[in-house]
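Lettering of chains follows the sequences in order, A, B, ..., and the numbering in each one begins at 1.
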Amino acid sequence: MTALTTSLAPARTRSRPRPGLFAAGLFLTLVVVAALVPGLLTSYAPDGIKPAEFFRSPSAEHWFGTDQNGRDVYTRVVYGAGQSLLIGLGATAISLGLGILLGLSAALGGRRVDFAVGRVLEVLFAFPGLLLALLFIAVFGTGAVTAAIAVGIGEAAGYARLIRSQATTVVRSGYVEAARGLGHSPARVVRRTVLPNVLRPLAALATLGIGQSVVWASSLSFLGLGAQPPAAEWGAMLADGRTFLQYAWWTSFFPGLFIVLTTLSTTVLGRRLQAWLDVRSS
Amino acid sequence: MTTPPLYRRVLVRVAGAALVLWAAATVTFFALHLVPGDPVLVLLGGGSGANPTPETIAATRHAYGLDQPLYVQYAQHLGRLLTGDLGVSTSLKESVGTVITEQLPSTLQLTALALLFAWLIAAAVILLSTGEGAVGRALGSGLETVAAGLPHFWLGVVLLYVFAFRLGWFPVAGGTGFIGLVLPALTLAVPLAGYLGQVTRVALLTALDQPFVTSARLRGMSAGAVRARRALRHALLPPLTLSGWAVGALFSSEVVVEAVFARQGVGRALLNAVIARDLPLVTGIVLLIATVYVLVNLAVDLLYAVVDPRVRTPREI
Amino acid sequence: MTSSTPDIHDALISARNLTVGFGDREVVRGVSLTVRRGETVALVGESGSGKSVTARTLVGLTGAGARVSADGLTWQGEDVRGWGERRWRRVRGRGIGFVLQDALVSLDPLRPVGKEIEDALRLHGGGDRATRRARVLEVMAQVGTPDPELRAAQRPHELSGGLRQRALIATALALDPPLLIADEPTTALDATVQAQILDLLAAARSRERGLLFITHDLGVVRRLADRVAVMRGGEIVEEGEAAAVLEDPQHPYTRTLLAADPARHAKGTRLTPGPAPAGPQSPEEGNSTHPTEEAPRHAPVPRRTGGRPHEAVLTADRIHKTFGSRDAVRDVSFALAAGRTLGIVGESGSGKSTTARIALGLTRPDAGTVTLHGEPWSELPERERRPRRHGIQLVHQDALSAFDPRWTVRRSLIDAVRLRRAGHPVPAPDEAARRVTELAAQVGLPDDTLDRHPLSLSGGQRQRAALARALAPSPAVLVLDEPVSALDVSVQAQVLDLLAELQESLGLAYLFISHDLGVVRHVSDDVLVMKDGRVVESGPAEDLFSAPGHPYTRTLLDAVHPHPAATAGATR
Amino acid sequence: TTSVTARPAAGGTLTYATDREPTCLDPHVAGDMPQAYVAQQVLDSLVALDAKGRAQPWLATSWDIAKGGRTYTFHLRRDVRFTDGTRFDAAAVKANFDHMVDPDTQSGTAGGYLAPYRRTDVVDEFTARVHLDRPYSPFLNMLAQAFLGIQSPKALARGKEANCAAPVGTGPFIVRKWNRQSDVVLVRNPRYNSPPPYAKHSGPAYADKVIWRFIPEPATRFAAVQSGQVDVIDALPPEDQRTAEHDDRLKVVVRDRPGNPTNLALNTSRAPFDDLRVRKAFLYSADVADGLKSVFFGQYRRAGGPLSYVTPHYSDAYENAWPYDPEKANALLEKAGWGKRDGDGYRVRNGVRLTAEVLLKSDITPNQLALMEQVQATAKDVGFQLKLLRLDAASVNTRYQAGKYDLRDGYWNTNTPDVLHTVFGSEYAVRNGIHSNATYAKDPALDKLFRAAQATTDPAEQQRLYGAAQRLISAGAYQLTLYPQTTRLAAHNGSVRGAALEPALSLPYLYDAWVSSR
Ligand SMILES: Nc1ncnc2c1ncn2[C@@H]1O[C@H](COP(=O)(O)OP(=O)(O)OP(=O)(O)O)[C@@H](O)[C@H]1O
Ligand SMILES: Nc1ncnc2c1ncn2[C@@H]1O[C@H](COP(=O)(O)OP(=O)(O)OP(=O)(O)O)[C@@H](O)[C@H]1O
Ligand SMILES: [Mg+2]
Ligand SMILES: [Mg+2]
């Protein structure tokens, strides 16, 4: 068994009460609300600078304290949800899309295409993801959108590899053969049978990827190439706050906490989603 | 299925590696020419501004052959590479070979130790948390998810603060020898361990469900021994395949870690080279990483054959 | 039941009123069972009746989350209830050798089999390295492994199924334990290998070892067992001397089981009582939960008389296929007429499936041609073959993997009905829906199963669904590759009956592949016997089985279910 | 461990950590601040500055200025040798100047300063005469900068690669090895005999060895000195300065540098800052003082005029020329036609939003970035939209050279008021190319003042001329000046004494420093 099929193996399912699942769902709901209507969750403005109130520690007035510009960290975390989700979802969508394109054509396109795609993936892997991201940013400038695209491109090779091996298995499966045996056209077989089955096990992985992308993008922010100020983006907040860790731990702790919690929640939900999909077909 | 003769397999591998190196060099060349930013102006306009004369600019441009048409530059570039000449770094004004030989040992040490740590941490967490108890399993899996989601720079600063600054167990920055490697290696290892752990966990749980595990227990083997001595070997296969990928990912992460811990290394050199549009150096490092990647994959294949004698070659990627 | 009264001195293992549950479900209820020294006990019963769970419970490894209770559970007279893991480990391997059901995957694929066999020795202090090594080779020879030196160093994937099964038995026999538990040790093996394994078990018994083996093959029971216990729904419904139970079954379920053995019925007779019920209720569940109290009738399937002449719908002319350096199929020719069944038998790897795939146009032969309805078929480019594919359909051994796991049965059937084929418009949705209902009725698939996913169906239901899908485009030929091998006897019987009925009513031609001679004999008009890709013998089924010409056919025949009378004499 | 003695003692290794690593150790090449830092330890200059900014003899014992300031004749010390054994003489001086202006040297700073340089005549072995195109009074002050340090002609002849790796001077330390991305190892020059007048002792330096480390991450750097792992750091992070000052183990040395303070240059060559009223409004809109108080923890003083207060001929008249005054800003914008505001509160005119793009480098520190965000926020209050573009260095340079920016952060460290010429002179307002005049200020009156100031060596006259220039520049609202560039050292008391700053650029100077001989 190769790594890929194992990592795609169905998550184990148990029917016991799942407080973790509930918490994850609740948290993500909050994050989505924050992303869509941040004003609902806070009355401060995300770029409301008050130099005099810099580095206030967490209090009833400022739940997560204030940052070096006297801005309310909680508010920025709330407003940051949008950009961070944009990066997380956007990057994952891009890498999945590219991965599907490459992976499927490798699995379906015959030996030559497979060889070619194999080499392309090898080059992509040999090319550090960071370098790709940097070059991309150099061309298109910094910002959340470019960060998302850059991260997405950087991660595509991994997905492509997974999809390729998954698709190879699906293409050889009995049900694809059955569809061919019925006389369906190749296009229809790919669209209705191959693609959905290739993507199904990627659900959990993709959700894991959302959090990972935010972390990735925060490394870009660390290098000064992430979201543009004064945008509140978790990765950027984390990166900017790191220098003040000794004096104002809260400026980087809370954004970091939210990144980790989002990763954790999406992972929990992703596993659950995958389990659910597996159960639905069992 | 028949396996092609050995010499053909070797040939295919070597040809594949050469192809990858050529493609990497070519992509690098054109990528760096595509992105805006004139290496000469970066070079001369360092800091907050400088006032080089036009003659200086022209001379610099000529010195690096940047006044030639693109295809000539590409041909020269490839030609040089073919003869094994990596050229002189425009930004460091040192031969790329020297830069790499200077920076590589530190990176290799760090990568190797980080991989080792990652494996150890992942294995420990896995073995301790894949017992029968659901709570333990959930805890282990949660730990891994958190670990996998920790940004390197943040983890690095926190580790520094706690272990170097507060507790004084480790040197703050760039300490020499093993002791100075520990914190940076840990910074790299923890998120990687989380990732490897996730993959290994799935594989281990799958392996534990296999009949041969029950079979071993029916022969009188204890549950713990079965886990550590039988199932783990199976669970090692997926993360082993991932190690090739992991080395590549480590190079990227090292950029950040090397900056936080003020260490030498090719990661940071690459970052600076890209920022300075230093084509020879970027090419040199990309080729280096591609080579390491090819070699690591070869090693992984060999190791794979040791762990799983069923297959001679696990995957072609 | 007097025969099961435990005799403390003789009993190796004994359970009284054993109950096992998973979650809130009891899967074993009130089972009492004893195995004595030198005695062979057979546990038979339908799939899921709790045989394996019972066996595993006897060695304290029921599985995660199991609740076990018993009025008495002893090992050599000692009460094992409350034994800890440590105490159990001393008995496992040394006191009780266990051969797991999933034989082919019960050896660690990464380790040489010799090491696996050595495990038990090592764990129970079986001497130094050299001693253990010698013992390993000894047991391997004992279980009939040719060239043990070589085999011990090989890994499971390098061994054939039979050799693997023997290696697994060797792991259980390494310490020559007083009790051997073997869970379906011969299922999924072809006839010749099966015979060897049974001889091996018989040999263990002759050494005064106790033997508990599980099977759903009554032929095996007949050959080996002293006593037999029949399980159903977690309970033992009948128990007694083997000969007595087999000759004079008391419980209706036992009778159904006996009736279902295809080897005992000529072609054209039913294996199940009455015509297959088609309706809202699942036929096999109907049969098993509410067994007909009266003895099964073996009404002949009404044979169509007259009809079309025997014109060939599918022919193969000297087809040949090579994979790498291996000739999978060599020079195979056959002709199949409408309404007829051509059986293909042969050991594993003999090229049966490859032949089937070539017939289906899924694999292109290297040489030779296949025609369908007298027209070229195998040489056509795929583009031209596609519109005619509906004429020949496949039913696969593994029905589960042949269904898209995401789709309900209905969705899969609709997909098969709404097919673009030459000369026919694609049926409208409501028409397709009607056709699906019709198909379901035709194969006896209850309506409520249509909206379930294949994984949640029983094996028999799945195979019916697969049949329904194959019938959807109204084919003339069905290629059936091991269609019943994965099913237990009673379900197998129902499917075989269904196939016979469908052939009768639709005039279908069957290319029927199986490694089970009994099944092939039961269904086929003509038979091809394959070995190493070649047809070694062919001819009308009755002729071939009554007077086998080729020595290989004879070995095959000798290996399987000898005639009842002969068996009884031979084993006692 | 022994602690450092109160009186100077020879021996030991001094570990010094700074933030940025040079790309070449020869300060003639390119010419960025980190190069000057290292050069200061390795090279001597022809002249030195005293605390008042007057040129004093160093490698040149005296000099004569003739032809209205167009020729400089230097009389050189006769007893100095480069550390490669070459004798320091007039030919060496000539070789150095020729090297600085040679296009192949790729010199940005030194070569730029020497723009009026014609040639050098070797009058005799120890007399060199430099000819300039035109009178150029800042020349002597420039010579005092480490960028123009004197190197061994033999070493220069080795070629750029070798010379970048290990320049050879007559200075107190010798470059032993440059471990790129880690440190430069300097060892003591045992025969050193040419200390500058501001040195506290003579003869060789005290420390045997200096390890010049690069620790880019601010928190790491400070932790390193706090834990005693390095003896001295510079670029002490502002957030750590209070901690450092309250820490008995640490000694903090802060000195502001001369030159053009850190600023945002307003690009006057394109809208919206081609309109003086808009420029003025922007300067009024920025609340720099409060920003410095918060993000820089009050450690940085405000710089209000075009010159840092430590620059010669600095005038304090313009220090408060542009106070935070949103009302004035609003009024000016109304007058300039930016009367309307859009839904987001930004001003619009003819459907165009009042927007300014700020070009920032990716490696800007979090503090500097925070200050930019504050400027952005206060500008927003009056209806300015500031777009902070944080880009990698190459992209920043590309845009900068193309003039595609409205605001650009910058500074210019130099020890003469002539920096105003470099920064505001119209000859440096090059379109599409490297230009030191980031504002594209083109004011003939200013140019005339600069010429006149360069042509005179009379301090009073210079004072007048540069004063007038400062007035014109301040009135032109070309720059939002923020704070003076500073050198901030934190030294570990327990292990090092005597680490000082030299007077020309306030660079760290380790010649007089001694450590406990561990
Ligand atoms: N570990 C387990 N957890 C939950 N249910 C189980 C477990 N093991 C077995 N079962 C259930 O117990 C029942 C009896 O299973 P068992 O394996 O004993 O059947 P069997 O008689 O051996 O059938 P077969 O002939 O198919 O092997 C089945 O319904 C099965 O699904
Ligand atoms: N796609 C393939 N590539 C290579 N070898 C193949 C392929 N398909 C079949 N073979 C080989 O051809 C031979 C015949 O295989 P086939 O599947 O036809 O056997 P079979 O008689 O159906 O066996 P079984 O009873 O095990 O299903 C085997 O040795 C098999 O390994
Ligand atoms: Mg079973
Ligand atoms: Mg087959």
Do the non-hydrogen side-chain atoms of [X] and [Y] ever get within less than 4.5 Å of each other?
X        : Y        : answer
A/Arg71  : D/Glu373 : yes
A/Phe222 : D/Glu217 : yes
A/Thr243 : D/Thr365 : no
D/Lys293 : A/Pro51  : no

**Prompt:** Given a strict heavy-atom distance threshold of 4.5 Å, which part of D/Leu388 is in contact with chain A: side chain, backbone, both, or neither?
**Reply:** both
**Asked** Given a strict heavy-atom distance threshold of 4.5 Å, which part of D/Gln376 is in contact with chain A: side chain, backbone, both, or neither?
**Response** side chain
**Prompt:** For A/Phe244, which of D/Val295, D/Asp240, D/Asn367 qualifies under side chain to side chain contact (heavy atoms under 4.5 Å, CB included)?
**Reply:** D/Asn367
Identify the heavy atoms of [X] and [Y] that sit nearest to each other, and give their distance.
X        : Y        : result
A/Asp47  : D/Lys380 : OD2-NZ, 3.7 Å
A/Leu225 : D/Leu391 : CD2-C, 4.0 Å
A/Pro229 : D/Leu369 : CG-CD1, 3.7 Å

**Pair A/Phe54 and D/Phe296, ring centroids less than 6.0 Å apart** = no
Does [atom1] in [X] sit with more than 12 non-hydrogen atoms of other residues, nucleotides or ligands closer than 6.0 Å?
X        : atom1 : value
A/Trp249 : CH2   : yes
D/Arg270 : CZ    : yes
D/Asn320 : CG    : no

**Request:** Hey, could you give me the CE/CG distance between D/Met372 and A/Asn69, rounded to the nearest 0.5 Å?
**Result:** 11.5 Å
**Prompt:** How many angstroms lie between atom OG1 of D/Thr220 and atom CZ of A/Arg242, to the nearest 0.5 angstrom?
**Reply:** 8.5 Å
**Request:** Using a cut-off of under 4.5 Å on heavy-atom pairs, state which of D/Leu389, D/Asp363, D/Leu360 scores highest against chain A.
**Result:** D/Leu389
**Request:** Among D/Ala370, D/Ala377, D/Gly291, single out the residue with the greatest number of heavy-atom pairs under 4.5 Å to chain A.
**Result:** D/Ala370
**Request:** With a 4.5 angstrom heavy-atom cut-off, could you sort out which part of A/Thr251 is near chain D: side chain, backbone, both or neither?
**Result:** neither
